[in-house]
Amino acid sequence: MKRDPSAPHPLRAGDPAGLNVAVIGGTGGIGRAISRSLAARGANVLVAGRTFRDADVPGIEFRPADLSLMREAERIAHELPAETLDLLIFTTGILAAPKRRVTAEGIEEDTAVSYLSRLVILRAIADRLGTGRDQRPRAFVMGFPGNGQVGTLGDLNAERTYRNMAVHMNTVAGNESLALDAAKRYPRLDVFGLNPGFVKSEIRGNLFGPGTLRHRLFEGALGLVTTSTDRYAQRITPILTSPDLATRSGAMIDRKGAVIHPTPGLTDARVAEFLNESTALIARAGVTVPPK
Ligand SMILES: NC(=O)c1ccc[n+]([C@@H]2O[C@H](COP(=O)([O-])OP(=O)(O)OC[C@H]3O[C@@H](n4cnc5c(N)ncnc54)[C@H](OP(=O)(O)O)[C@@H]3O)[C@@H](O)[C@H]2O)c1
C-alpha cells in the first residue's frame with residue numbers, strides 16, 4: 001500500500017497501514033495470525049517459514065526457509081529487505097521432542113528453530129534494520145519471557161543429558177536474553193519480548209505427534225481455557241504498532257499487552273554467558289554471528 005508522504009509515519013500514528021513488516025515464522029500459528037491481522041490493516045508483510053498458507057491474502061509475501069538450519073537463517077537474513085523494515089517479529093517455534101532430535105548441522109532441533117535461528121538473523125541485520133525509514137524500527141522476540149527461566153548452561157546442545165522440557169526452557173531463557181541484550185546492544189532499535197500466554201496452536205505437535213488424536217484432544221481441551229491465535233493477534237496488533245512503545249525498549253509484553261518485569265535472574269552477566277555459549281554452538285554449524 002502506498003503511503004501519503006505528508007502523513008506521519010505509521011508508528012507515530014499507531015496505524016499499521018503502510019508499515020513494512022517481516023514475520024519470521026509468519027507462515028503458521030501465532031505468527032500467521034499476526035501477519036494476517038497486520039496485512040488486513042494495510043501493512044506490507046513478508047513471512048518466512050516452510051509452508052506458505054496465505055497466497056490468496058493481499059499484502060503478504062513469502063520467503064521459504066528451513067530455520068532449523070543456521071545456514072538457512074544466515075541466507076534469509078541476507079535476503080531480507082532490512083533497510084526498509086519497520087517491524088521485525090520472531091515467532092518460529094517448536095517444542096523439543098520426547099527423544100532428542102538433531103538437525104543436519106548437529107544442533108538440537110528445538111534450540112535451533114525456536115531460538116538460535118533468531119539470534120543469527122537479528123545479529124546479521126540489526127545494523128541495516130530500518131535505516132531507509134524515518135522512524136525507529138522495532139524488533140519483537142516471542143517466547144515466554146518474564147517467567148523466571150534463566151536456563152541451564154554448559155550443555156546447551158543437550159549432548160550429555162536430554163530432558164525435553166529443560167531444553168525448551170533453555171529456548172525460553174535464550175529468547176528473553178536475546179531481547180534484553182539486543183535492547184542494549186542496538187540503541188537505534190526498540191526491542192521487546194512477547195509472552196502470548198497459552199494459545200491454541202500447533203506448537204505442541206512434537207509432544208504428541210502432529211495431528212494425532214491425542215494432540216487434537218489436548219488442543220481441544222486447551223482451547224476451552226485459552227485463546228485462539230486470531231484473538232491473540234487482534235489484541236496484540238495495536239500494541240505492536242502503538243506510539244506508547246516508543247520509549248519502552250527492553251520491555252517484556254504479556255498476553256494482554258501489559259508490560260511485565262523481565263526475569264530477575266537474567267542479569268547482564270547471565271545474558272552475556274547465555275549468548276556466548278549460543279554463538280559458540282552456532283559456530284559449530286559454520287556460521288559466524290557478528291558481535292555487533
Ligand atoms: N502457543 C502457545 O501456547 C505458546 C505459549 C508460549 C509461547 N509461545 C511462543 O509463540 C511462538 C509461536 O508459537 P505457535 O504457538 O504459533 O507455534 P506453531 O503454531 O507451531 O507455529 C510455529 C511456527 O514456526 C514455524 N516453524 C516451525 N519449524 C520451522 C522450521 N524448521 N523452519 C521455519 N519455520 C518453522 C512454522 O512454520 P511452518 O508451518 O511454515 O513450518 C510456524 O510458522 C513460539 O515462539 C512459541 O514458543 C507459544
Side-chain angles (χ1 to χ4, degrees), residues 22-37 45-55 60 62-77 89-97 101-105 107-121 140-147 149 164-165 167-176 178-179 192-211 215-216 218-219 221-233 236 252-255 260 285:
V23 185
I24 311 301
T27 47
I30 299 173
R32 181 183 179 205
I34 290 175
S35 301
R36 290 169 64 99
S37 169
V45 184
L46 189 157
V47 297
R50 291 174 302 183
T51 313
F52 192 35
R53 301 172 175 93
D54 290 312
I60 301 188
F62 175 53
R63 294 287 163 93
D66 176 357
L67 295 169
S68 67
L69 300 173
M70 300 302 105
R71 286 191 184 278
E72 275 283 277
E74 190 180 45
R75 176 188 63 78
I76 199 82
I89 306 172
F90 291 102
T91 58
T92 40
I94 59 172
L95 282 188
R101 293 209 298 237
V102 292
T103 68
E105 294 172 335
I107 299 182
E108 190 285 320
E109 191 179 42
D110 186 14
T111 311
V113 173
S114 308
Y115 164 49
L116 296 179
S117 63
R118 301 161 169 206
L119 174 56
V120 170
I121 294 171
F140 296 92
V141 180
M142 183 166 285
F144 221 58
N147 253 12
Q149 300 298 332
N164 60 338
M165 282 324 285
V167 164
H168 191 67
M169 288 309 130
N170 262 354
T171 74
V172 168
N175 278 310
E176 186 168 349
L178 176 61
F192 307 93
L194 290 177
N195 183 337
F198 286 103
V199 178
K200 187 175 178 318
S201 76
E202 294 303 314
I203 196 154
R204 284 157 286 267
N206 256 358
L207 290 183
F208 306 108
H215 182 217
R216 279 184 282 133
F218 184 87
E219 291 298 327
L222 198 68
L224 299 175
V225 290
T226 59
T227 195
S228 68
T229 54
D230 284 337
R231 284 188 57 194
Y232 171 71
I236 207 70
M252 303 296 140
I253 299 168
D254 77 1
R255 67 193 171 92
I260 51 174

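Read the numbers this way: they start at 1 and go in the same order the structure lists the ligands and their atoms.
Atom 15 (O) of ligand 1 has as its closest protein heavy atom Ser201 OG, 2.5 Å. Here the heavy atom of the protein found nearest to atom 4 (C) of ligand 1 is Gly197 O, 3.7 Å. At the shortest separation from atom 12 (C) of ligand 1 among protein heavy atoms lies Thr91 O, 3.1 Å. Counting protein heavy atoms only, atom 7 (C) of ligand 1 is closest to Gly143 O, 3.1 Å. The single protein non-hydrogen atom nearest to atom 22 (C) of ligand 1 is Gly93 O, 3.3 Å, given as residue, atom name and distance. Ranking protein heavy atoms by distance to atom 16 (O) of ligand 1, first place goes to Ile30 N, 2.7 Å. In terms of protein heavy-atom proximity, atom 46 (C) of ligand 1 is closest to Ile203 CD1, 3.4 Å. For atom 32 (N) of ligand 1, the closest non-hydrogen atom on the protein side is Leu67 N, 2.7 Å.
Per-residue contacts place Thr27 under 4.0 angstrom from the following atoms of ligand 1 (heavy atoms of the residue considered): 37 (O), 38 (P), 40 (O), 43 (O). Less than 4.0 angstrom separates some heavy atom of Phe198 from each of these atoms of ligand 1: 3 (O). Heavy-atom proximity to Ala65, at under 4.0 Å, picks out these atoms of ligand 1: 32 (N), 33 (C). Numbered from 1 in the order shown, with element, the atoms of ligand 1 that lie under 4.0 Å from a heavy atom of Gly25 read 43 (O). Ligand 1 places these atoms under 4.0 Å from at least one heavy atom of Asp66: 30 (C), 31 (N), 32 (N). Contact atoms of ligand 1 toward Phe144: 5 (C), 6 (C), 7 (C) (distance under 4.0 Å to a heavy atom of the residue).
Listed here is the closest heavy atom pair of Arg71 and Glu105: N-OE2, 3.2 Å. Across all their heavy atoms, Gly143 and Pro145 have their closest contact at C-CD, 3.4 Å. Minimum heavy-atom separation, Arg118 to Thr92: NH2-O, 2.6 Å.
Ring pair Phe144/Phe198: centre-to-centre distance below 6.0 Å.
The shortest separation from a heavy atom of Ser117 to ligand 1 is not under 4.0 Å, leaving the residue out of contact. Distances from ligand 1 to the non-hydrogen atoms of Met142 include at least one value under 4.0 Å. Using a 4.0 Å cutoff on heavy atoms, Arg204 counts as a contact of ligand 1. Contact analysis leaves Ser114 out of contact with ligand 1, as no non-hydrogen atom separation drops below 4.0 angstrom.
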Ser68 and Asp66: side-chain hydrogen bond (donor to acceptor under 3.5 Å, both in side chains), yes or no, with the steps? CA-CA 6 Å; Ser68 67; Asp66 176 357; 2.8 Å; yes
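Distances between N or O atoms of Gly31 and those of ligand 1 include no value under 3.5 Å. Taking any N or O of Pro196, backbone or side chain, none lies under 3.5 Å from an N or O belonging to ligand 1. For a threshold of 3.5 Å applied to N or O pairs, the pair formed by Gly28 and ligand 1 contains at least one separation below that value. Ligand 1 has a nitrogen or oxygen under 3.5 angstrom from a nitrogen or oxygen of Val199. Checked against a 3.5 angstrom limit, the closest N/O atoms of Gly26 and ligand 1 fall outside it.
In this structure, NZ on Lys200 lies 8.5 Å from OG1 on Thr229, to the nearest 0.5 angstrom. Glu109 CD to Leu116 CG: the interatomic distance, rounded to the nearest 0.5 Å, is 12.5 Å. Separation of atoms CD1 (Ile30) and CD1 (Ile236) is listed at 10.0 Å; rounding is to 0.5 Å. Annotation: the span from Asn175 atom CG to Met142 atom CE amounts to 10.5 Å, rounded to 0.5 Å. From Tyr115, atom OH reaches atom CG of Leu67 across 15.5 Å, with rounding to the nearest 0.5 Å. With rounding to the nearest 0.5 Å, the separation of CG in Asn164 from CG in Asp110 is 9.0 Å.
The side chain of Arg118, and not its backbone, has at least one atom closer than 4.0 Å to an atom of ligand 1 (non-hydrogen atoms only; side chain from C-beta on).
When Thr92, Leu95, Val113 are checked for heavy-atom proximity to atom 34 (N) of ligand 1, Thr92 turns out nearest. Of the listed residues (Arg53, Arg50, Arg255, Lys200), the one carrying the non-hydrogen atom nearest atom 39 (O) of ligand 1 is Arg53.
A donor-acceptor pair under 3.5 Å is formed between the side chain of Ser35 and the backbone N or O of Gly31. Judged purely by atom type and a 3.5 angstrom limit, Glu176 uses its side chain to pair as donor or acceptor with the backbone of Gly146.
Side-chain contact between Arg32 and Asp54 is present, with heavy atoms from C-beta onward closer than 4.5 Å. By the 4.5 Å heavy-atom criterion applied to side chains, Asn170 and Thr111 are not counted as neighbours.
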